[in-house]
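Numbering of residues begins at 1 and proceeds along the displayed sequence.
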Amino acid sequence: MSDNHERRPKFRADISLGNILTILGMVAAMAMAWGQVQVTQENIQKEIKTIQDQFERRIVNLERSELERRADRLDQVALVTEIRADIKYLREAFARIESGGR
């Protein structure tokens with residue numbers, strides 16, 4: 001029975017150099033990881049800003065294109081209206097010629 005008791009792991013409350021080195025290594029690893037997280041976050045924020053700027057430029061271009069399209073559409077409507085008036089005038093002129101009157 002004393003053999004079993006001696007084979008169990010024993011807890012030692014003293015701090016060894018290995019414990020201190022392990023703790024220092026963990027602290028250094030956490031500091032490096034934190035620094036990497038900060039750099040990654042800054043890069044992501046820069047990328048988001050770039051994408052937002054591109055999106056805003058696209059919106060401005062789309063709005064400008066839409067305004068130009070609307071202006072072209074108004075010009076086309078005015079042209080069609082003019083053509084209709086001209087066709088109506090020509091029909092009336094042909095009708096007068098055919099009827100022999102003025």
Side-chain angles (χ1 to χ4, degrees):
M1 183 154 189
S2 65
D3 267 347
N4 263 349
H5 185 63
E6 290 175 11
R7 291 186 183 187
R8 288 194 312 179
K10 294 180 183 178
F11 174 74
R12 294 180 62 191
D14 55 340
I15 298 174
S16 68
L17 180 60
N19 297 128
I20 293 173
L21 291 176
T22 301
I23 291 171
L24 289 176
M26 289 174 58
V27 169
M30 289 188 324
M32 288 173 42
W34 181 256
Q36 186 63 35
V37 166
Q38 293 299 321
V39 169
T40 302
Q41 183 180 11
E42 289 173 8
N43 290 339
I44 289 172
Q45 287 175 346
K46 287 177 186 176
E47 188 175 340
I48 288 172
K49 177 68 174 153
T50 301
I51 291 170
Q52 284 177 337
D53 292 342
Q54 290 173 352
F55 182 72
E56 288 173 5
R57 279 194 303 271
R58 287 180 179 179
I59 293 291
V60 168
N61 289 338
L62 285 173
E63 288 172 346
R64 185 180 311 121
S65 296
E66 179 64 17
L67 289 175
E68 290 172 0
R69 189 192 64 79
R70 286 182 183 180
D72 289 346
R73 179 73 177 145
L74 289 175
D75 290 343
Q76 289 173 354
V77 167
L79 181 62
V80 167
T81 303
E82 226 178 279
I83 291 172
R84 284 183 178 175
D86 290 343
I87 290 172
K88 182 178 178 183
Y89 173 77
L90 290 174
R91 283 184 183 162
E92 289 172 356
F94 285 133
R96 280 194 306 246
I97 292 171
E98 286 177 351
S99 67
R102 293 183 189 209

Practice item. For salt bridge (charged side-chain N to carboxylate O under 4.0 Å, His left out), just list the numbers for Glu42 and Lys46, CA-CA rounded to whole Å, side-chain angles, deciding distance to a tenth of an Å, and then say yes or no. Key: CA-CA 6 Å; Glu42 289 173 8; Lys46 287 177 186 176; 5.4 Å; no
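The two atoms that bring Asp14 and Asn19 nearest to each other are O-OD1, 4.0 Å, heavy atoms only.
With salt bridges taken as basic N to acidic carboxylate O contacts below 4.0 Å, none links Arg96 and Glu92. Salt-bridge check for Lys49 with Asp53: passed, with a basic side-chain N closer than 4.0 Å to an acidic carboxylate O.
Applying side-chain hydrogen bond (donor to acceptor under 3.5 Å, both in side chains) to Asn61 and the options Arg64, Arg57, Arg58 leaves one that passes, Arg64.
Counting only heavy atoms from C-beta outward, the side chains of Glu63 and Leu67 never approach each other to under 4.5 Å.
One finds the CD atom of Gln76 at 9.5 Å from the CZ atom of Arg69 (value rounded to the nearest 0.5 Å). Rounding to the nearest 0.5 Å gives a distance of 12.5 Å between CG of Leu74 and CG of Leu79. Distance CG/Leu90 to CD1/Ile83: 11.5 Å, rounded to 0.5 Å. With rounding to the nearest 0.5 angstrom, the OG1 atom of Thr81 is 11.0 Å from the CG atom of Asp86. Atom CD of Gln45 is separated from atom CD of Glu47 by 11.5 Å, given to the nearest 0.5 angstrom. The CD atom of Gln52 sits 11.0 Å away from atom CD of Gln54, with the distance rounded to the nearest 0.5 Å.
Cluster membership check: Ile51 does not share its hydrophobic cluster with Ile59, using side-chain heavy-atom separations under 4.5 Å among Ile, Leu, Val, Met, Phe, Trp and Tyr.
Taking a 6.0 Å sphere around CG of Leu24, one finds it holds more than 12 heavy atoms contributed by other residues, nucleotides or ligands.
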